[in-house]
Amino acid sequence: QVQLVESGGGLVQAGGSLRLSCAVSGRTFNRYKMGWFRQAPGKEREFVGAIRRSGGTTYYGDSVKGRFTISRDNVKNTVYLQMNSLKPEDTAVYYCAASTGDYGLGSHQNYDYWGQGTQVTVSS
């Protein structure tokens, strides 16, 4: 069983930064493509970004391009989401997810395992 545990959420002022971490259990971390999603109250789950197994290719949602950066450490079994220039509209619960597939990384339906989420609140 694969377990994902997010950490690093919290309250930050607009313009500030946070770094989220997602620790993945098991010895097969480098077999998964990893993604980050977020969900605000009353809204659908939104794609934030994804990273392929080697970490050489990343993808981002339009609303976070240029501000957020995904990285991974295949030794520490951890994926990171560095969030800069945060805006109040970035407020949401952030989830990391692992995918064994090769396509459709922008859709939450293509992920097999999920973390419990971590709250990010950006004040104006």
Side-chain angles (χ1 to χ4, degrees):
Q1 184 73 14
V2 178
Q3 292 187 326
L4 290 72
V5 179
E6 301 99 334
S7 61
L11 175 64
V12 63
Q13 288 188 331
S17 298
L18 280 175
R19 189 176 82 153
L20 305 184
S21 300
C22 175
V24 181
S25 66
R27 292 175 288 183
T28 58
F29 176 69
N30 61 0
R31 295 174 57 186
Y32 299 114
K33 291 160 288 295
M34 300 299 298
W36 285 96
F37 289 79
R38 66 187 184 186
Q39 190 164 20
K43 296 189 176 181
E44 294 186 353
R45 193 161 294 193
E46 177 188 11
F47 172 69
V48 174
I51 186 167
R52 290 206 174 269
R53 295 180 184 91
S54 67
T57 304
T58 55
Y59 309 88
Y60 296 95
D62 289 341
S63 61
V64 306
K65 280 180 183 177
R67 300 188 297 123
F68 290 11
T69 303
I70 294 175
S71 61
R72 65 188 294 164
D73 186 329
N74 285 347
V75 174
K76 295 183 178 179
N77 285 12
T78 302
V79 62
Y80 304 97
L81 181 66
Q82 178 66 44
M83 306 185 294
N84 297 330
S85 301
L86 282 161
K87 305 175 182 180
E89 50 263 44
D90 293 319
T91 295
V93 177
Y94 284 71
Y95 299 89
C96 71
S99 172
T100 57
D102 289 317
Y103 304 103
L105 293 181
S107 173
H108 64 88
Q109 297 176 328
N110 294 326
Y111 288 79
D112 305 284
Y113 305 101
W114 290 83
Q116 82 289 349
T118 186
Q119 176 71 46
V120 172
T121 303
V122 184
S123 63
S124 57

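Bear in mind the structure is a predicted one, so any value in this text is a computation, not a measurement. All heavy atoms count here, side chains included; hydrogens, waters and symmetry mates do not.
With R53 contributing its side chain and R31 its backbone, the two residues share a donor-acceptor pair below 3.5 Å. Judged by distance alone, the side chain of S85 and the main-chain N or O of R67 form no donor-acceptor pair under 3.5 Å. Remark: the backbone N or O of L105 is paired with a side-chain donor or acceptor of Y111 at under 3.5 angstrom. Looking only at distances, no side-chain donor or acceptor of R52 sits under 3.5 Å from a matching main-chain atom of Y59. At least one donor-acceptor pair under 3.5 Å links the side chain of R72 to the backbone N or O of F29. Here the side chain of E6 pairs no donor or acceptor atom with the backbone of L20 at under 3.5 angstrom. Looking only at distances, no side-chain donor or acceptor of Q82 sits under 3.5 Å from a matching main-chain atom of R19.
Aromatic ring pairs are classed by plane angle as parallel below 30°, tilted from 30° to 60° and perpendicular above 60°; the pair F37 and F47 is perpendicular.
Salt-bridge annotation for K87 and D90: absent, with no side-chain N of the basic residue lying under 4.0 Å from a carboxylate O of the acidic one.
For T69 against Y60, the heavy-atom pair with the smallest separation is CA-OH, 3.3 Å. Across all non-hydrogen atoms, the minimal contact from I70 to G49 is CD1-C, 3.0 Å.
Residues T91 and Q119 have side chains in contact (heavy-atom distance under 4.5 Å, counting atoms from C-beta outward).
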